[in-house]
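Everything below concerns the one structure shown next.
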Amino acid sequence: MRFSKAFIPTLKEVPADAQVASHVFMVRGGYIRKVAAGIYNFLPLGWRVIKRIEDIVREEMDRADAQEILMPASIPAELWQETGRWKKYGPELLRFKDRKGADFCFGPTHEEVVVDLVRRETKSYRELPLNLYQIQGKFRDEMRPRAGLMRGREFIMKDAYSFDVDVEAAAISYKKMYEAYKRIFKRCGLDFRPVEADSGAIGGSQSHEFQVLAESGEDSIVACDTCEYAANVEEAEHRAPKQPGIMGEGELETVDTPGTKTIAEVSEFLKVAPTQLIKSLVYVADDKPVMVLLRGDRSLNEVALKKITGATELFLARDGQVKKAIGVKPGFAGPVGVSIPVYADVELKGATGAIVGANEKDKHLRNVDLARDVKVTEFLCLRAAEEGDGCARCEGHYKSYRGIEVGHVFSLGTVYSEPMGCTFLDEGGKSKTMVMGCYGIGITRIAASAIEQNHDESGIIWPMSIAPYEVTVLPLQVKDDDVVAAAEKLYSELQDLGVEVLLDDRKERPGAKFKDADLIGIPLRIAVGKRTLGEGKLELKWRRDAEASNIDLDGAAEAIAALISSEKQALRAR
RNA sequence: CGGGGCGUAGCGCAGUCUGGUAGCGCACCUGGUUUGGGACCAGGGAGUCGGAGGUUCGAAUCCUCUCGCCCCGACCA
């Protein structure tokens with residue numbers, strides 16, 4: 001492609017609504033333009049990146065025996081009513097009516113449609129396993145779209161659905177997808193971790209998120225420094241401590257703590273560390289109040305509490321509900337003498353000398369001995385994991401990271417196949433329900449996360465595998481015939497070798513071309529200038545490196561093509 | 001959905017408090033000089049001041065309503 005003919009509107013200034021690197025550079029580099037909140041145009045460069053990512057995903061999905069189909073974006077409400085999601089899915093589901101007034105939605109995910117397809121066409125165990133996938137625009141009316149392509153409302157997703165005869169077979173399908181995902185993200189040049197995720201209310205047996213490690217990520221994850229264990233902090237288990245988290249001595253006493261409602265205020269007022277306090281939280285689990293005890297500086301792992309209580313709906317109690325349950329508003333709530341179930345974090349087992357709310361306005365209790373003074377229903381691992389905690393699986397310790405979720409694999413069991421009657425006949429002629437899995441990849445989010453992970457102050461640094469072009473050729477003096485001729489020759493030779501090349505033939509000064517090249521982030525840059533041309537050389541620079549080097553003009557195209565293909569091989573082999 | 005902020009030329013912003021000819025930088029067009037890290041000079045085109053209503057002799061500016069966008073939070077197969 002010739003830059004002079006290309007639709008690549010680059011910007012010098014940072015758009016006011018962009019905060020994160022991927023958003024800033026994709027707008028400045030002429031990759032995307034906003035149409036509405038969370039909805040974007042993909043310009044030629046942006047679309048080339050998406051297509052390259054899609055190609056990698058297709059290759060690996062096909063290799064894992066999945067078959068590509070395309071389902072509609074518009075889905076009739078009847079299908080969603082069958083599974084009850086028409087009611088359950090909130091305002092995030094974009095609903096609309098056709099001219100006859102029939103309800104439709106713009107599919108945010110396609111379980112219903114694919115199950116409907118498979119239940120009609122697949123009748124025998126001989127046809128299973130079956131794995132169908134599509135790459136398609138999805139719409140989710142997010143409350144708060146943000147950060148460009150990182151969290152959009154309309155976005156491109158690869159979604160796959162597996163159908164198996166039983167749980168064991170489904171586990172094999174799951175594993176195949178898990179392995180395919182690892183290959184996909186590696187080939188995209190991403191530094192990622194598969195992490196254990198909440199399989200929660202949906203009921204499946206397992207679930208993994210694929211998280212790209214990046215400071216700007218929305219998710220918090222912990223990963224063991226010794227073994228392979230990594231998990232979303234919403235979900236992470238951790239090793240119980242050997243010693244109680246709070247120790248002290250003294251007589252149980254009531255102290256006045258006027259107006260101190262938060263942990264910080266109480267610790268400030270009593271001149272003790274927050275670690276000497278016990279945080280008493282009242283939650284409502286399916287309409288029943290429960291109390292949770294944590295050390296003052298910890299936070300709750302809500303998923304763990306959900307599992308323990310078996311509740312499908314769980315939320316922090318409002319002031320009035322707390323008052324009703326234990327007779328005092330939050331701020332002075334405590335576990336001594338309450339009649340609702342009390343779940344304490346294991347860290348508090350054997351705790352003495354703790355400070356808790358007195359269940360009386362403006363009063364706290366000091367020197368509480370949990371064993372002596374509190375009726376604890378159960379000690380459990382309840383707090384959210386933090387950096388430095390002991391690993392649940394080995395003797396290692398956790399490091400914490402921020403992550404961007406680019407993929408999610410999920411075993412669904414029969415959650416959809418059961419209500420929709422997706423069955424088959426087994427060898428004995430008996431009707432059975434298919435066991436499913438679903439597997440998503442955020443195609444557009446991969447593009448954003450690749451930039452989050454690979455950029456500097458000047459712009460993007462694309463991995464070779466997903467870059468819009470593999471090499472850019474810059475003729476530096478457009479009025480010098482020798483320079484132009486050499487650049488044109490190299491350009492056509494590279495094209496003949498099948499290299500994706502962008503020739504910056506614009507009548508710009510060298511500085512402007514360098515700046516745009518850095519911004520756009522094509523991994524290899526060849527500068528054709530009269531300085532080096534006189535010695536029969538071209539200047540070659542990797543976008544990721546600070547220094548350039550010279551290569552011979554003779555055979556340059558072949559040498560460049562070889563560099564590109566070995567770079568791509570390296571990503572595959574990683 | 002709660003809190004905060006912003007809508008003025010394609011982009012970034014000033015002007016709004018204190019009503020009185022709509023501005024600056026970048027980008028764009030023309031001409032000239034420049035040419036290895038976003039050149040310079042001269043000239044030029046471009047804005048229903050988000051929208052509707054109101055107050056006023058007069059509204060970008062004051063009032064009411066509304067729409068859009070951004071940030072924080074809550075939420076999120």
Side-chain angles (χ1 to χ4, degrees), chain A residues 9-20 23-24 27-28 30 33-39 80 83 85 88-93 107-112 114 138 140-148 151-153 157 159-161 197-204 207-209 218-219 232 234 302-303 313-316 318 405 407-413 415-416 436-442 457-459 474-480 483-484 504 506-520 525-534 538-539 541 546 548 550:
Chain A
T10 60
L11 262 32
K12 276 191 202 173
E13 282 177 290
V14 180
D17 54 4
Q19 314 291 324
V20 301
H23 190 191
V24 169
V27 173
R28 282 194 56 208
R33 286 293 186 265
K34 184 166 72 181
V35 176
I39 300 176
W80 278 61
T83 56
R85 286 165 106 192
K88 259 193 287 180
Y89 226 92
E92 204 177 276
L93 184 64
T109 175
H110 280 69
E111 283 81 3
E112 283 83 357
V114 77
K138 293 272 192 285
R140 292 180 191 178
D141 203 351
E142 292 276 349
M143 292 184 196
R144 186 145 98 80
R146 69 189 94 172
R151 180 176 281 261
R153 293 148 91 200
M157 182 171 171
D159 47 327
Y161 306 89
D198 181 16
S199 51
I202 205 86
S207 170
H208 286 87
E209 289 169 350
E218 293 187 280
D219 295 329
N232 199 307
E234 286 171 11
E302 286 196 12
V303 172
E313 238 194 350
L314 180 81
F315 56 90
L316 195 61
R318 289 155 178 274
E405 183 188 349
H408 201 153
V409 293
F410 217 105
S411 58
L412 287 176
V415 178
Y416 294 93
M436 292 178 59
C438 73
Y439 317 93
I441 288 182
E457 324 74 58
S458 306
L474 313 187
L476 297 180
Q477 295 85 23
V478 285
K479 289 197 177 148
D480 184 312
V483 167
V484 171
D504 193 348
R506 294 175 301 169
K507 305 210 173 344
E508 290 288 342
R509 295 154 59 93
K513 294 187 180 186
F514 288 136
K515 288 289 184 188
D516 271 343
D518 286 349
L519 175 61
I520 289 168
R525 184 187 87 189
I526 308 297
V528 184
K530 54 187 170 190
R531 262 188 216 166
T532 54
L533 209 54
L538 297 172
E539 181 193 271
K541 182 177 169 298
N550 288 342

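As the structure is a prediction and not an experimental result, all values here were calculated from the model. Here is the naming used below: chain letters follow the sequence lines, and residue numbers restart at 1 for every chain. Every heavy atom of this structure was used, including side-chain atoms; hydrogens, water molecules and symmetry mates were not.
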*Report yes if some heavy atom in the side chain of A/L538 is under 4.5 Å from a heavy atom in the side chain of A/L533; otherwise report no.*
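Yes. Closest side-chain heavy atoms under 4.5 Å.
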
*Sub-4.5 Å side-chain heavy-atom contact between A/R140 and A/T109*: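 They are in side-chain contact.
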
Taking the same atom, [atom1], in [N] and in [M], what whole-Å distance lies between them?
N: B/A60; M: B/C67; atom1: P; value: 23 Å
N: B/G43; M: B/C26; atom1: P; value: 14 Å
N: B/C11; M: B/C28; atom1: P; value: 15 Å
N: B/C6; M: B/G15; atom1: P; value: 11 Å
N: B/A52; M: B/G7; atom1: C1'; value: 16 Å
N: B/G51; M: B/A46; atom1: C1'; value: 22 Å
N: B/U34; M: B/C71; atom1: P; value: 47 Å
N: B/G5; M: B/U64; atom1: P; value: 15 Å

*With sequence neighbours excluded, residues passing salt bridge (charged side-chain N to carboxylate O under 4.0 Å, His left out) with A/R153*: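 A/R153 satisfies salt bridge (charged side-chain N to carboxylate O under 4.0 Å, His left out) with A/D141 only.
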
Within the structure shown, what part of the strands sits under 4.0 Å from [X] by heavy-atom distance: base, sugar-phosphate, or nothing?
X: A/D159; result: nothing
X: A/V14; result: sugar-phosphate
X: A/E539; result: base
X: A/K34; result: sugar-phosphate
X: A/T532; result: base

_Could you identify the nucleotide paired to B/C6, looking across every strand shown and requiring Watson-Crick or G-U wobble geometry with both distances under 3.5 Å?_
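In the structure as shown, B/C6 has B/G68 as its Watson-Crick or wobble partner.
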
_G-U wobble or Watson-Crick pairing nucleotide for B/C1 (cut-off 3.5 Å, both distances)_ =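 The base-pairing partner of B/C1, which may sit in any strand shown, is B/G73.
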
Given [options], the nucleotide with the shortest approach to the side chain of [X]:
X: A/R28; options: B/G38, B/C75, B/G37; answer: B/G38
X: A/R525; options: B/G36, B/G38, B/G37; answer: B/G37
X: A/P510; options: B/G36, B/C13, B/U34; answer: B/G36

*Could you pull out all residues at least two apart from A/A18 that satisfy side-chain contact (heavy atoms from CB on, under 4.5 Å)?*
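If we apply the side-chain contact (heavy atoms from CB on, under 4.5 Å) test to A/A18, skipping adjacent residues, the hits are A/P15, A/H23, A/V24.
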
Rounded to the Å, how far apart are [X] [atom1] and [N] [atom2]?
X: A/K507; N: B/U33; atom1: NZ; atom2: P; result: 16 Å
X: A/I526; N: B/G36; atom1: CD1; atom2: P; result: 19 Å
X: A/R140; N: B/C75; atom1: CZ; atom2: P; result: 18 Å
X: A/K513; N: B/A39; atom1: NZ; atom2: C1'; result: 15 Å
X: A/R153; N: B/C69; atom1: CZ; atom2: C1'; result: 11 Å
X: A/D219; N: B/C76; atom1: CG; atom2: C1'; result: 10 Å
X: A/R146; N: B/C72; atom1: CZ; atom2: P; result: 6 Å
X: A/F514; N: B/A39; atom1: CZ; atom2: P; result: 12 Å

*Classify every nucleotide of nucleotides 24-31 of chain B by which part a protein heavy atom approaches to under 4.0 Å, writing B for the base, S for the sugar-phosphate alone and - for neither, in 5'-to-3' order.*
-BSS----

Counting distance only, does the side-chain N/O of [X] pair as donor-acceptor with the main-chain N or O of [Y] below 3.5 Å?
X: A/Y416; Y: A/V114; value: no
X: A/K513; Y: A/R506; value: yes
X: A/Q477; Y: A/K530; value: yes

*Pairwise distance OG(A/S207) to OH(A/Y439) - rounded to 0.5 angstrom*: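 Taking OG in A/S207 and OH in A/Y439, the distance rounds to 11.0 Å.
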
*Is any side-chain nitrogen or oxygen of A/R144 closer than 4.0 Å to OP1 or OP2 of B/C72?*
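Yes, because at least one side-chain N or O of A/R144 sits under 4.0 Å from OP1 or OP2 of B/C72.
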
_Under 4.0 Å from OP1 or OP2 of B/A39: is there any side-chain N or O of A/R509 that close?_
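Affirmative; the distance criterion is met.
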
_If the threshold is 4.0 Å, N to carboxylate O, is there a salt bridge linking A/R28 and A/E13?_
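Here A/R28 does not pair with A/E13 in a salt bridge, since their nearest N and O are not under 4.0 Å apart.
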
